[in-house]
> 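Have a look at this one.
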Amino acid sequence: CIPGDGTRNKDASRSDFCTVINYSVCGALSLDELVRFGASSKTIYLPEGRVLVRDGDVEDFIFSVTNGCLKSFKQLPDGRRQVTGFYFPGDFIGLADSDVYLADIEAVSDAGLCCMERKSLNALSRDIPNLERRLHELAPKALAELQGQIVLLGRKTAQERVATFLLMLLKRSFERGVTANPVSIPMICEDIADFLGLTKETVSRTFSTLRKLKLIGLDVDKTVELLDRDGLQRVA
């Protein structure tokens, strides 16, 4: 996604680089800093269903999602699964202060990622203040998302959880600067259920209820139109 030969055309602009540059960690970098970043990274393609890392793998690499969607999940001893989050373009994977990855991470859809060795990113962040500052800004955001999910799973009803989930996808679409409505839902019903702490049957029934209330439209090509955002907000 970024030229990796350490050079750039004198007429190059930010639009010549990664398509998610404006809302990723790289958004804080100058053109010359972007070239340095790109010289230490490479792009990889991950087909739908392919595992990126396993829970407990040594955290040697940092990944930035450039397209597609991935999910993180924990497999419980009794065979159940908890989806702990979804990654969209602009999101980073592997920034946790840990020596190992804390979950399995798998492609929900065909995905592209920018990959860099952790030691290379650490070296760059020491040399590029804007990069270090931006990385530090990501930590409070991750904590806020974790706290939000704790409330989601611990206190909300099924309708409240599904409405909150749809509004979360809407917010993420706005952040990525893509068409926000209809909302893209690349994950399958089981993934949503395992994220919200519900059964897939409950998720399906709840979507039907929200349609009957005319809060959302029909599913079309993995998208759902939000017909009444204020109504969804009240439910959430």
Side-chain angles (χ1 to χ4, degrees), residues 1-6 8 14-29 31 33-74 83-125 128 130-132 134-139 141-142 145-146 168-169 171-173 175-178 184-188 191 195 222:
C1 56
I2 300 174
D5 58 2
R8 68 176 175 89
R14 297 181 70 82
S15 61
D16 296 317
F17 292 85
C18 178
T19 56
V20 299
I21 186 173
N22 291 327
Y23 46 90
S24 73
V25 69
C26 305
L29 305 183
L31 286 175
E33 290 169 343
L34 282 170
V35 171
R36 290 184 61 191
F37 189 94
S40 300
S41 65
K42 64 178 181 180
T43 56
I44 60 174
Y45 167 73
L46 200 67
E48 178 182 343
R50 183 71 59 84
V51 173
L52 178 66
V53 297
R54 292 288 187 187
D55 187 4
D57 284 351
V58 177
E59 198 174 86
D60 288 332
F61 294 91
I62 305 294
F63 304 92
S64 176
V65 183
T66 56
N67 60 74
C69 176
L70 298 94
K71 65 186 176 190
S72 60
F73 62 92
K74 300 282 285 188
V83 173
T84 56
F86 296 101
Y87 297 96
F88 299 97
D91 289 338
F92 258 65
I93 297 171
L95 287 180
D97 187 15
S98 174
D99 294 329
V100 298
Y101 297 103
L102 302 177
D104 290 275
I105 299 177
E106 178 183 303
V108 169
S109 62
D110 293 346
L113 303 100
C114 182
C115 173
M116 179 181 291
E117 286 189 282
R118 173 178 287 277
K119 62 182 181 181
S120 297
L121 181 63
N122 289 339
L124 278 175
S125 65
I128 304 176
N130 285 338
L131 177 59
E132 183 178 29
R134 179 60 177 145
L135 290 171
H136 286 164
E137 289 172 355
L138 293 176
K141 179 182 177 183
E145 291 175 351
L146 176 60
M168 178 199 76
L169 293 180
K171 178 175 179 290
R172 296 305 310 275
S173 294
E175 291 173 348
R176 301 197 307 276
V178 300
S184 173
I185 306 182
M187 59 288 294
I188 60 176
D191 289 340
F195 178 68
K222 293 190 175 182

> Could you tell me the separation between the CZ atom of Phe86 and the CE atom of Met168, rounded to the nearest 0.5 Å?
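Atom-to-atom, Phe86:CZ and Met168:CE are 6.5 Å apart.
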> Between atom CG of Leu121 and atom SG of Cys115, what is the distance when rounded to the nearest 0.5 Å?
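The SG atom of Cys115 is 11.0 Å from CG of Leu121, to the nearest 0.5 Å.
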> Side chains of Leu70 and Asp91: closer than 4.5 Å at any heavy-atom pair?
no
> Taking all heavy atoms of Pro47 and all of Ala107, pick out the closest pair and write down the distance.
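Answer, listing the atom of Pro47 first, then Ala107: O-CB, 3.3 Å.
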> Check for a donor-acceptor pair, side chain of Thr66 on one end and backbone N or O of Gly112 on the other, with a separation under 3.5 Å.
yes
> Any idea which heavy atoms bring Lys222 and Pro186 closest together, and the distance?
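Taking Lys222 first and Pro186 second, the nearest heavy atoms are NZ-O, 3.8 Å.
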> Could you grab the distance from atom CG of Leu46 to atom CG of Asp110, nearest 0.5 Å is fine?
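Reported to 0.5 Å precision, the distance equals 8.5 Å.
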> Nearest 0.5 Å, please: how far is OG in Ser72 from CG in Asp55?
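Reported to 0.5 Å precision, the distance equals 10.0 Å.
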> Search all heavy atoms of Asp191 against all heavy atoms of Lys71 and return the closest pair with its distance.
OD1-NZ, 2.8 Å
> Rounded to the nearest 0.5 Å, how far does CG of Asn122 lie from CD1 of Ile62?
7.5 Å
> Are the side chains of Leu102 and Thr84 in contact, using a 4.5 Å heavy-atom criterion?
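Counting from C-beta outward, Thr84 and Leu102 never come under 4.5 Å.
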> Report the distance from atom CD1 of Ile105 to atom CD1 of Ile93, rounding to the nearest 0.5 Å.
4.5 Å
> Could you please spell out the steps behind the side chain to side chain contact (heavy atoms under 4.5 Å, CB included) verdict for Val51 and Glu106?
CA-CA 4 Å; Val51 173; Glu106 178 183 303; 4.0 Å; yes
> Go through the steps for Met116 and Leu124 under the test side chain to side chain contact (heavy atoms under 4.5 Å, CB included), then give the verdict.
CA-CA 11 Å; Met116 179 181 291; Leu124 278 175; 3.9 Å; yes
> Using side chain to side chain donor-acceptor pair (under 3.5 Å) as the criterion, list what pairs up with Arg50, not counting sequence neighbours.
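In terms of side chain to side chain donor-acceptor pair (under 3.5 Å), with neighbours along the sequence ignored, Arg50 is linked to no residue.
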> Considering non-hydrogen atoms only, spot the tightest contact between Met187 and Cys69 and give its length.
CE-SG, 4.2 Å
> Identify, with sequence neighbours excluded, every residue that meets ring pair (Phe, Tyr, Trp, His ring centres under 6.0 Å) alongside Tyr101.
none
